[in-house]
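Data first, discussion second: the structure below is written as structure tokens.
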Amino acid sequence: MEQLLSQLNEQQREAVVNTEGPLLILAGAGSGKTRVIAYRIAFLICEKGVPPWNILAVTFTNKSAQEMRTRVQRLLQGQELSSAPWVSTFHSLCVRILRQDIEQLKESYSRTFTIYDQDDSLRLIKNAVKDLGYDDKHLGARSVQSAISSAKNRGEDVEAFAARADYVDERRAAIARVYKTYEERLHANNALDFDDLMIKTVRLLRNAPEVRDKYNRKFRYILVDEYQDTNSLQFALVSLLTQQQQNICVVGDEDQSIYKWRGADITNILNFEKHFPNSKIIRLEQNYRSTQTILDVAGAVVKRNTERKGKNLWTSNPPGERVRYYQAFDAEAEARFVASKIREHRNEQPNIRAAVLYRTNSQSRVFEEAMRRAGLPYNIVGGFSFYERQEVRDIIAYLKLALNPTDSIALQRVINSPPRGIGKQTLEEIDRRARDFGLSIWETIALVIEKPDGLSPRAVAALKNFRTIIYHLAELAGAPLPRGTGVRGPRRGSPAGVLDPPVGDAQGAFNSESFASPDEHAQDAHATLAQVAHVTLSDSPVSDVVKAAILDTGYEIALKSEKTDEADARLENLQELVNAAVDYDEQGVEGLREFIDHSALSSDTDQYKSEVPVTLLTAHSAKGLEFPLVFIVGLEDGLFPHSRSATDPAELEEERRLCYVAITRAEKYLYVTHAMKRRVYGEELASEPSQFLNEMPLEMIEDLTMGKSWLSFARGSTTIDYPQDEPHKEKRKYMGKTYDSVDSIAEFFKLRGQQMGNTRGSSPPIVTKSAPRRSPGAPPLAHPQDEGGTSDFVPGSYVRHAKYGRGLVLRREGVGDSTKLTVSFPGHGQKKLVQKYANLESA
DNA sequence: TAAAGAAAGTTTTTT
DNA sequence: ACTTTCTTTA
């Protein structure tokens with residue numbers, strides 16, 4: 001341990017050895033935060049003799065949890081440990097607690113509850129919107145989902161939400177009714193959505209003193225990573241868990257707070273000392289990751305934020321090279337540039353790892369393509385994960401059904417996939433009857449099989465077939481379902497663990513008939529966590545059940561008979577799913593349930609290989625990672641910063657922090673690029689450089705663009721700093737001929753025309769050399785061709801609308817009569833208007 | 001009922 | 001541009 005401690009600097013060491021009482025570690029980017037947490041855990045175990053199971057470390061993503069586990073493991077190598085410390089995400093921690101104790105909540109949820117991911121929850125909301133008779137045009141399921149989610153995260157239940165929805169606000173009242181139905185149906189399905197996982201856990205700990213006490217005694221030392229991103233529920237959870245011992249250590253950095261949109265509450269970290277009296281604060285300000293230049297650039301950008309305490313991040317690393325800049329013609333050219341630079345770097349340093357950071361996942365496609373073309377193996381983080389693929393979700397749905405057939409979302413998903421003759425008509429009829437009798441769909445199927453009442457024999461046969469498949473899977477899983485109309489589940493079965501494996505008969509699962517009815521078995525609601533984790537009663541491995549879900553359902557045959565490349569790829573994915581299941585082969589229902597939980601809670605592919613030359617990811621998912629070579633791409637106005645943040649200064653600051661996070665991922669080399677035009681929704685749009693580029697010290701940037709670029713214009717003029725709070729007054733001064741991307745495109749064509757000896761073609765007007773720089777974000781001048789009258793309505797200018805009043809033009813699309821403007825009106829939100837009909841005047 | 005074709009919505013970031 | 005959902009047709 002002595003030797004371990006000597007590898008840390010003074011502040012880091014302080015952070016490690018101060019194990020007792022509340023501790024706030026303010027850790028700047030690259031200051032060795034993960035290292036400190038790992039050492040701290042090792043220190044607690046080795047030096048303080050704390051048993052590993054008394055330690056809990058919570059992170060936000062699976063990726064960082066995994067990283068943490070590996071680090072701790074490496075430090076403790078050689079140590080014989082009886083168990084590992086709990087390192088988990090907030091959500092998986094909640095799942096583990098709820099799987100154990102949710103019945104103490106007395107809300108008639110059973111421990112066999114199903115987790116609904118965002119997609120499942122969206123389906124449920126869609127159904128609810130439809131069944132309540134609302135027009136899904138007016139009440140988009142997605143926006144309802146986000147309204148409900150943020151209500152939940154504010155701690156507003158249905159009643160509170162409805163109370164705030166007075167009769168004036170019809171839309172809100174409608175959402176309130178959907179919210180109510182949604183909650184009822186979640187409950188009827190014995191299902192919890194992501195937000196519920198937090199909510200129910202907090203409620204459980206609040207309302208059940210004995211449960212709270214149990215976990216307080218269990219988790220004697222708690223660490224929370226990325227504390228600046230915690231929301232009020234997560235704060236409540238942490239407070240409840242540390243009520244008794246107060247050994248709470250949180251690590252965070254206000255400059256890296258990028259999840260306010262998801263309810264993160266920065267005051268959690270700012271008021272830590274108030275929440276936890278007698279707390280210590282330690283600052284980690286030495287950066288070990290980046291060159292001085294990269295750090296300076298990052299600092300210059302984030303300095304523009306006003307909502308900030310500020311800190312003194314320094315490094316003893318060499319200055320390194322300048323940041324490199326490239327202005328690409330379009331998104332494809334940008335990707336080609338990045339790929340070729342990565343190859344150049346790898347020629348110099350064969351094993352250098354590169355990352356491409358973009359604002360939105362939709363940008364990843366071009367880069368994938370370019371990497372493939374350049375023969376660079378790449379790894380893509382986020383986007384559609386493995387578990388989000390249709391075929392994988394289908395098989396998971398079968399598995400969910402085997403454990404909980406009342407899960408109507410899973411049932412609807414697979415009842416007819418692969419096609420087995422249960423069509424829309426049949427489903428609607430069943431749905432109607434289910435509602436009439438107040439039964440779940442599964443229960444109704446049983447009813448219909450006995451009393452078809454007008455349903456075609458063919459449909460009944462198909463339903464029977466489907467039911468047999470589920471019966472079979474349930475038996476194989478070691479959780480046999482009662483035959484006939486008898487139904488169990490949270491609503492009628494005994495609440496405790498009816499779905500749990502039969503105790504004391506290892507053969508049970510294989511002998512399907514003998515377990516047609518569930519055995520009575522002792523259920524200790526207060527079983528210890530260890531007991532739950534090691535229930536190994538049924539003999540069938542998880543992978544066998546997964547295989548059965550692929551084969552016995554006819555899924556494989558259906559795919560094989562398709563004989564398309566796509567079907568083959570799907571089959572391969574399913575093989576991959578079986579492989580994943582092999583890892584979970586600790587047998588039995590608990591193993592299967594854990595497997596399913598994992599699939600719901602892992603959004604990013606965890607088999608992310610760090611040795612791969614190139615990693616493609618969003619700036620958000622890059623947080624916590626570092627790469628010697630980093631490309632920040634798409635630095636364009638409206639993209640990064642994103643246009644959705646244009647109207648709110650606080651949101652713009654969050655975008656800036658995101659940019660800060662992106663820059664500080666780089667160790668040695670940083671490239672920043674933008675394209676002059678880009679396709680958005682299939683439409684080609686000219687794009688302006690990001691204001692964040694302008695906030696970087698220009699002398700620290702090297703221009704790699706062939707010919708003229710935005711940067712060369714920017715350099716040609718004196719830098720004008722306008723005060724943060726009053727940008728508009730200053731900006732309006734620059735009304736001379738300015739840079740904009742149309743001119744740059746003109747420049748590009750001219751240049752290319754010269755290179756190719758081609759002087760023909762209608763070159764747009766060329767920009768004058770002496771052009772002063774326009775500060776990005778300022779109103780660009782009208783293009784020469786639309787001079788007069790309407791030419792003022794360009795992005796950045798203000799207009800007046802008869803109904804909405806004064807608004808800011810954000811985007812302009814199309815030409816002539818079809819010109820559309822996206823305008824943001826304070827109090828009315830963004831509107832898309834056809835310029836010809838909108839009767840706008842400039843304001 | 002299922003497959004094929006047409007229309008509409010989509011993209012901010014994530015557990 | 002791409003994907004999901006609605007509509008038509010075999």
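Predicted model, so just to flag it, every value in this text is computed and none were measured.
Separating the NZ atom of A:K63 from the P atom of B:dT14 is a distance of 9 Å, rounded to the nearest angstrom. Atom CZ in A:F640 sits roughly 12 Å away from atom P in B:dT13 (whole-Å rounding). Straight-line distance from the CD atom of A:Q118 to the C1' atom of B:dT14: 7 Å, rounded to whole Å. In this structure, NE2 of A:H91 is placed 8 Å from C1' of B:dT14, rounded to the nearest angstrom. The interatomic distance linking A:Q363 (CD) with B:dT12 (C1') rounds to 10 Å, in whole Å. The distance between atom CG of A:L122 and atom P of B:dT14, rounded to the nearest whole Å, is 17 Å. Distance A:Y358 OH to B:dT13 P: 10 Å, rounded to the nearest Å. Taking atom NE2 of A:H620 as the reference point, atom C1' of B:dT14 lies 8 Å away to the nearest angstrom.
Within the structure, side-chain hydrogen bond (donor to acceptor under 3.5 Å, both in side chains) contacts touching residues 554-564 of chain A (residues at least two apart or in different chains) are A:D394-A:Y555.
Partners of A:A174 according to the side chain to side chain contact (heavy atoms under 4.5 Å, CB included) rule, which considers only residues two or more places apart in sequence or in another chain, are A:Y134, A:L139. Residues satisfying the side chain to side chain donor-acceptor pair (under 3.5 Å) test with A:R373, not counting sequence neighbours, are none. Listed by chain and residue number, A:F161 satisfy the ring pair (Phe, Tyr, Trp, His ring centres under 6.0 Å) test with A:Y179 (two or more places apart in sequence, or in another chain). For the side chain to side chain contact (heavy atoms under 4.5 Å, CB included) test, residues two or more places apart in sequence or in another chain that qualify with A:S150 are A:R154. The side chain to side chain donor-acceptor pair (under 3.5 Å) search around A:T673 returns A:E334, not counting sequence neighbours. Under the side chain to side chain contact (heavy atoms under 4.5 Å, CB included) criterion, A:S146 pairs with no residue at all, not counting sequence neighbours. Every residue meeting the side chain to side chain contact (heavy atoms under 4.5 Å, CB included) condition with A:N361, not counting sequence neighbours, appears here in chain and number order: A:Y358, A:T618.
Place A:Q390 and A:R679 on DNA chain C by their nearest nucleotides, and A:R679 ends up nearer the 5' end. Mapping A:S92 and A:E655 onto DNA chain B by nearest heavy atom places A:E655 closer to the 5' end of the strand.
Judged purely by distance below 3.5 Å, without hydrogens or angles, the side chains of A:D101 and A:Y215 pair a donor atom with an acceptor atom. Under 3.5 Å, the side chains of A:Q691 and A:E695 contain a donor-acceptor pair of N or O atoms.
Protein chain A touches strand DNA chain C; the 5'-most and 3'-most nucleotides with an atom under 4.0 angstrom of its non-hydrogen atoms are C:dA1 to C:dT5.
Heavy atoms of A:N361 sit under 4.0 angstrom from primed sugar atoms or phosphate atoms, though from no base atom. Residue contacts shown for A:K126 are limited to sugar-phosphate atoms, with no base heavy atom under 4.0 Å away. If you check every strand for non-hydrogen atoms under 4.0 Å, A:R262 touches a base. When heavy atoms are screened at a 4.0 angstrom cut-off, A:F90 is found touching no nucleic acid atom at all.
Between A:D157 and A:K152 there is no salt bridge, since no side-chain N of the basic residue sits under 4.0 Å from a carboxylate O of the acidic one. Between A:R665 and A:E626 there is no salt bridge, since none of the side-chain N atoms of the basic residue sits less than 4.0 Å from a carboxylate O of the acidic one.
To the nearest 0.5 angstrom, A:T61 atom OG1 is 7.5 Å from A:E226 atom CD.
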Contact list (N/O, under 3.5 angstrom) for nucleotides 5-7 of chain B vs protein:
none

All N/O pairs under 3.5 Å across the protein-nucleotides 9-11 of chain B interface:
| unit_1 | atom_1 | unit_2 | atom_2 | d |
| --- | --- | --- | --- | --- |
| B:dT11 | OP2 | A:R142 | NH1 | 2.9 |
| B:dT11 | O2 | A:S362 | OG | 3.4 |

Table of protein N/O atoms under 3.5 Å from nucleotides 1-4 of chain B N/O atoms:
| unit_1 | atom_1 | unit_2 | atom_2 | d |
| --- | --- | --- | --- | --- |
| B:dT1 | OP1 | A:T426 | OG1 | 3.0 |
| B:dT1 | OP2 | A:Q425 | N | 3.4 |
| B:dA2 | OP1 | A:G421 | N | 3.4 |
| B:dA2 | OP2 | A:N416 | ND2 | 3.2 |

